[in-house]
Amino acid sequence: MAPIASKLYTDDVSLVVLLLDTNPYFWTSSSSSSLSFSHFISHVLSFVNSILLLNQLNQVVIIATGHNTCGYIYDSSLSSVSSSISANESSGDAKMPAFCSEVLKSLEDFVKNDESLSSVDAGNGVGSSLLSGSLSMALCYVQRVFRTGPLHPQPRILCLHGSPDGPEQYVAVMNSIFSAQRSMVPVDSCVIGAQHSAFLQQASYITGGVYLKPQYLDGLFQYLSTVFATDLHSRKFIQLPKPVGVDFRASCFCHKNTIDMGYICSVCLSIFCMPHKKCSTCGSEYGQAQSDASTLSGQKRKEPS
Amino acid sequence: MPQVKIIAKNFIDMVASLPAVKLDMLYANPFICEAILRSLPPLAKKYVLQMMYIDAPIPAKSLEEWVLPDGLSKHRVAIDRLIQLRVLSETVDRKKETSYEMNKKFQINLQKQLIHGGILPREPMASSSVILPSSEELEIYALEQWEHFLLHLISSNQSEKLTNFSSSMMKVFQRGLLSQRDKEASRLTEYGFQFLLMETNAQLWYIIREYIANAEERGVDPANIISFLLELSFHETGQAYNINTLNEVQLNTIKDLSDLGLVKLQQGRKESWFLPTKLATTLSVSLSDTATRKQGYVVVETNFKMYAYSTSKLHCEIMRLFARIEYELPNLIVGAINKESLYNAFDNGITSDQIVSFLQQNAHPRVAEKVPTVPENVTDQIRLWESDLNRVEMAPAQFYDEFPSKDLFEAVCDFAREYGALLWDDSKKMQLVVKGELHNEMREFLRRQKQ
């Protein structure tokens, strides 16, 4: 039997990696009040169905982004129809489509696992979710697909994110963004929280994806199907939301604060919010052996862009 | 049946050509809606998805706002296609504003799909009650059936195993591919030769098309067959499906399909069931021009020798179209491409490009990785031999003879020379040849001279 990779792909075959925010702190907070988690999931499931409907070779992977961990929830290439039927039979739940019950079940397992990993008192305010982790998982998956052969679906990543950014993940997130850029994988982002996300703005801006913060979350499905279901090929012809402004602020490496201005190491470009005598990342010492001339170059101001 | 240039693009074109009533009937079947959606151009797919939950007609102007100026031609193509398939209906109101509305049945069926996800047309039988052949076995079976059919198609006397197709049915398939002269053995036509060199999917599609076109003569509604075939392509390969779930038309169809290798029929103690093969499930894939690659078997060497690692008689027949077969060994056919064999092929209307692409597509895996797959000197020579045939160009000319006098002959010669149309003349025999286009003027001139 010819492997699926030996088929010639038409240009709209896509692989969509969905990153779902399952952070319990976000979903229980007031900022998510306009959209409950169950509604959110039903919008997303319909969206996944629509992607799979558009082309028989389309592939969807769902990765959950939790508070402490992240994990694969669903992979459309693995779940053949027959296996899901047997799963359906065993659960005795005939009314729910096999695909939905499969996703919900693994989502439940994931949330439980996430809860068990949480430390005792992390619950001060709305915690951020592990975006860097799920982004890297998505990129790993994409890399694996790239290696299956010369013919593969066009990958893209879609982040459905609500929790606020965690400045402590700045470096990891930026690294993921740059590797996505390098492998030409657009990162689309749909922000369902109250505030804009600087990370995702930058991610979409750098990788050429679409950033959108829907106004009315009740119609999330329509937003998803109108904007984010567009395959990469059609994007050349379609009006898509344009970025209104991107928050390029960085986090400092020392205190993980988001800063407008700071100091950067001339050797390794690490960012700090206050002057240091020695770079904590690369270990270069500033302004001691050499006199004033080097202090100037050593403590450049980071330009806010 | 018109002499179609064999590749009538796809299924969907055929669906689109159905009358409106039939088409609306087809959309009652969710699988057809799905297949239609998948066959659309990417932009059209997107529009359908975008309009899925909009019940009111959408003005054309707001549709155009969705696209960038660059994409306007694509937009037109997409909208035209949607209207052609009656997915969108166009209405023009009093103010000359065009608006589109989606086909209700189509919309509702797809909405269901969105909520419930992909469903199977029918449940496969429990694997405990049937013994399933492995996917390799099934594929081999499918290809064998298909080859039997093809062999039977091109030379009825050669295949030892007869298919169940009635001879009249077979005639329908052969129409256009074979030319029957009275009492003589039938010969392949130009299209027949081209047909043999096509890919399996394209061949299959041709046959299916004829089969559907012929349905009406057999008293079957073509729409039923189309819907069944589309439905079949959503079945899972290699799973068993109970035959009792089919209605009568489908039952008849499936017997024919098993002859083509699209399904395998099996019988158990109590029930019988069918297993769709790869050929059936790729039928809808071929809608979107997706080709499946088969394992190749041909090696061509720079000395024009051709080795085909194949046991198939059909392959041997195909080779014979353009090469001289030297030996037939149990698993190997050795042949040589030479001038005579190729001239034979060109006479039959096969082009050099077809031969070269056949050799490339069916290259043995060992050589398939090499670039070029077929040695350049061989492909060049094949093309050269073809262009050799086109070396001489024919142009009409007129031959004039039996002039009454030398003077007249000379005058005519001068006249023709003036126009630069004199090709040849012989003053002793008083003969000349002039370009055909000058004939009328020449006649006029001669008449004037006679007076």
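Chain letters run A, B, ... following the sequence lines, proteins first, then strands; residues in each count from 1.
- Among Leu40(B), Leu110(B), Leu43(B), Ile140(B), the residue with the largest count of heavy-atom pairs under 4.5 Å with chain A is Leu43(B).
- Legend: residues meeting ring-ring contact (aromatic ring centres under 6.0 Å, His included) with Phe110(A), ordered by chain and number and at least two apart, are absent.
- Contacts of Lys46(B) with chain A are made by side-chain atoms alone, with heavy-atom separations under 4.5 Å and no backbone atom involved.
- Counting non-hydrogen atoms of neighbouring residues, nucleotides and ligands closer than 6.0 angstrom, the OH atom of Tyr141(A) exceeds 12 such neighbours.
- By the 6.0 Å and 45° rule, Lys264(B) stacks over the aromatic ring of Tyr141(B).
- Contacts of Phe47(A) with chain B are absent, with no heavy-atom separation under 4.5 Å from either backbone or side chain.
- Of the atoms belonging to Leu54(A), heavy atoms from both backbone and side chain fall under 4.5 Å from chain B.
- Applying the salt bridge (Lys or Arg N to Asp or Glu O under 4.0 Å) test to Asp109(A) and every residue at least two apart in sequence or in another chain returns Lys105(A).
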